[in-house]
Visitor: 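Dropping a structure here in structure tokens format, bear with me for questions.
Chain naming here is simple, since letters A, B, ... match the order of the sequence lines and numbering starts at 1 in each. Since we're looking at a predicted model, the values are computed, not measured.
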2 protein chains.
Amino acid sequence: MGILMPMATPGADPLTIEVVELIGAVVARYHEEYEEAAAQHALTGVQARVLSLLSLEPLPMRRVAERLKCEPSNITGIVDRLEARGLVERRPSPDDRRVKLAGATEEGRATVCRLRTSLDFAREPLGELSTEERTALRDLLRRMLGTRD
Amino acid sequence: MGILMPMATPGADPLTIEVVELIGAVVARYHEEYEEAAAQHALTGVQARVLSLLSLEPLPMRRVAERLKCEPSNITGIVDRLEARGLVERRPSPDDRRVKLAGATEEGRATVCRLRTSLDFAREPLGELSTEERTALRDLLRRMLGTRD
DNA sequence: TATTGTTATACTCTATAACTATA
DNA sequence: TATAGTTATAGAGTATAACAATA
């Protein structure tokens, strides 16, 4: 665990540097908490990610790879391991017999629910902020990410 | 690549949910850009992280493991690979002959400099924000993270 | 005895390339 | 021929357990 990086930015003003460092801290915390929550259910971070994705709706393997930004060949093994534990099922697509749709089972969806409960990143640190502050944070993050709205 | 997670938070209000999603987007972007910048220098994310760490000051292997929040046995291989490329050196500690200090070489530090230049996460999206907005963002992130200051 | 770094082992994730079955 | 999923392979990161050297 732990793939994060504290990298000062040369040429930037101290304020920008501090903001970048704070974002790094948020990223680190987000990851740690996610991996921990996943581990509590004997899942890796990637497995938890795929399971959450498939709990919303069944997806062709290829789509899962796109979402994860990895090669399709990798999805085979990840879904294999989830399927072996009864959390995910593969079924052929009615439209195209080449396609397999992967979807969460009942138990898979239940696991995702418990996973969400473990993941207190949302409630805990954000709990410090008032509604006005959350709104301000939302607007700043939107602008940072170039979200049009 | 890609270990990130879009997880709605049940029970939370829409504003909180959106903020969590935005943070998820920032985390995803941060990771992608970091991995990309590392790959441009034929480094993995973890290697770039360790190299940056050691470019500041030499550290005992054990300390590197603590910073990365992983088992010390893993650091051996990571430093081996960096050392094989001449980016890092091991030398015995003068204080304790059990300890090995890992430090970046001249070339290692040069690589870290180039890495930083590639990593435009700081300048680009933050460039959208005025000084006042950056200050506001800094204060909100500080409060979120419980930074005392 | 305890600690530091290493080795050995096994598992997961990753990219690449080749294969199969469909289209 | 093109596409979806798989298999095979190799490399990297990870945790666990056992080991040598040193404290």
Visitor: Does dT3(D) have its OP1 or OP2 closer than 4.0 Å to a side-chain nitrogen or oxygen of Arg98(A)?
Guide: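 No, outside the criterion.
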
Visitor: Under a 4.0 Å threshold between the charged nitrogen and the carboxylate oxygen, would Glu66(A) count as salt-bridged to Lys69(A)?
Guide: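 The answer is no: the pair does not qualify as a salt bridge.
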
Visitor: Of all the choices, dA15(C), dT22(D), dT14(D), which nucleotide is nearest to the side chain of Glu71(A) once you look at every atom?
Guide: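 Nucleotide nearest to Glu71(A)'s side chain: dA15(C).
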
Visitor: Base, sugar-phosphate, or nothing: which does Ser73(B) touch, judged by heavy atoms less than 4.0 Å apart?
Guide: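 Result for Ser73(B) = base.
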
Visitor: Give a yes or no on whether a salt bridge exists between Glu32(A) and Arg29(A), defined as a side-chain N under 4.0 angstrom from a carboxylate O.
Guide: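 So Glu32(A) does not pair with Arg29(A) through a salt bridge.
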
Visitor: When you get a sec, tell me which of dA23(C), dC13(C), dG13(D) is the closest nucleotide to the side chain of Ile78(B)?
Guide: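 That would be dG13(D).
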
Visitor: Specify the residue among Thr44(B) and Leu101(A) whose closest nucleotide of DNA chain D lies further upstream toward the 5′ end.
Guide: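 First, find each residue's nearest nucleotide; the 5'-ward one identifies Leu101(A).
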
Visitor: Using modelled atom types only, decide if a donor and an acceptor are shared between the side chain of Ser93(B) and the backbone of Lys100(B) within a distance under 3.5 Å.
Guide: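 No; judged by distance alone, with no hydrogens or angles, the pair does not exist.
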
Visitor: In whole angstrom, give the distance that lies between atom CD of Glu36(B) and atom C1' of dT14(C).
Guide: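 It is 16 Å, rounded to the nearest whole Å.
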
Visitor: Nearest to the side chain of Arg97(A), heavy atoms from C-beta on, is which of dT7(C), dA23(C), dA12(D)?
Guide: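 Within the option list, the nearest is dA23(C).
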
Visitor: Is Glu128(B) reaching over with its side chain to a backbone N or O of Gly146(A), donor-acceptor style, under 3.5 angstrom?
Guide: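 Side chain of Glu128(B) to backbone of Gly146(A), a donor-acceptor pair under 3.5 Å: no, none is there.
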
Visitor: Nearest whole angstrom, please: distance from the C1' of dG11(D) to the CD of Gln47(B).
Guide: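 Distance, rounded to whole Å: 11 Å.
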
Visitor: Measure CZ/Arg63(B) against C1'/dT4(C) and give the value in whole Å, please.
Guide: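 Atom-to-atom, Arg63(B) to dT4(C), this comes out as 10 Å.
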
Visitor: So what does Arg62(A) hit on the nucleic acid, given a heavy-atom distance under 4.0 Å: a base, only sugar-phosphate, or nothing?
Guide: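 Base contact.
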
Visitor: Whole Å only: how far is the CG atom of Leu68(A) from the C1' atom of dG5(D)?
Guide: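 Nearest whole value for this atom pair: 16 Å.
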
Visitor: Rounded to whole angstrom units, what separation is found between the CZ atom of Arg85(B) and the C1' atom of dG11(D)?
Guide: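 Atom CZ in Arg85(B) sits about 14 Å away from atom C1' in dG11(D).
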
Visitor: Which of these nucleotides, dA15(D), dA23(C), dT14(C), is closest to any side-chain atom of Cys70(B)?
Guide: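 Shortest atom-to-atom distance from the side chain points to dA15(D).
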
Visitor: Given dT4(C), dG5(D), dA4(D), which nucleotide is nearest the side-chain atoms of Lys100(A)?
Guide: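 Of all the options, the side chain of Lys100(A) is nearest to dG5(D).
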
Visitor: Among dT14(D), dG5(C), dT7(D), which nucleotide sits nearest the side chain of Asp80(A)?
Guide: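 Among the listed nucleotides, the one closest to the side chain of Asp80(A) is dT7(D).
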
Visitor: Write down the distance between CD1 (Ile75(B)) and P (dA12(D)), rounded to a whole number of angstrom.
Guide: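 Distance, rounded to whole Å: 15 Å.
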
Visitor: State, to 0.1 Å, how close His41(A) and Arg85(A) come at their nearest heavy-atom pair, and which atoms those are.
Guide: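 Nearest heavy atoms, His41(A) then Arg85(A): O-NH2, 3.2 Å.
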
Visitor: Can you measure Glu35(B) atom CD to dC13(C) atom P for me and round it to whole angstrom units?
Guide: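 Atom-to-atom, Glu35(B) to dC13(C), this comes out as 15 Å.
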
Visitor: Using only side-chain N and O atoms of Arg90(A), determine if any of them is under 4.0 Å from OP1 or OP2 of dA4(D).
Guide: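 Answer no for this pair, as no side-chain N or O of Arg90(A) is under 4.0 Å from OP1 or OP2.
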
Visitor: Atom CG of Asn74(B) and atom P of dA8(C): how far apart are they, to the nearest Å?
Guide: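 In whole Å, dA8(C) P lies 15 Å from Asn74(B) CG.
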
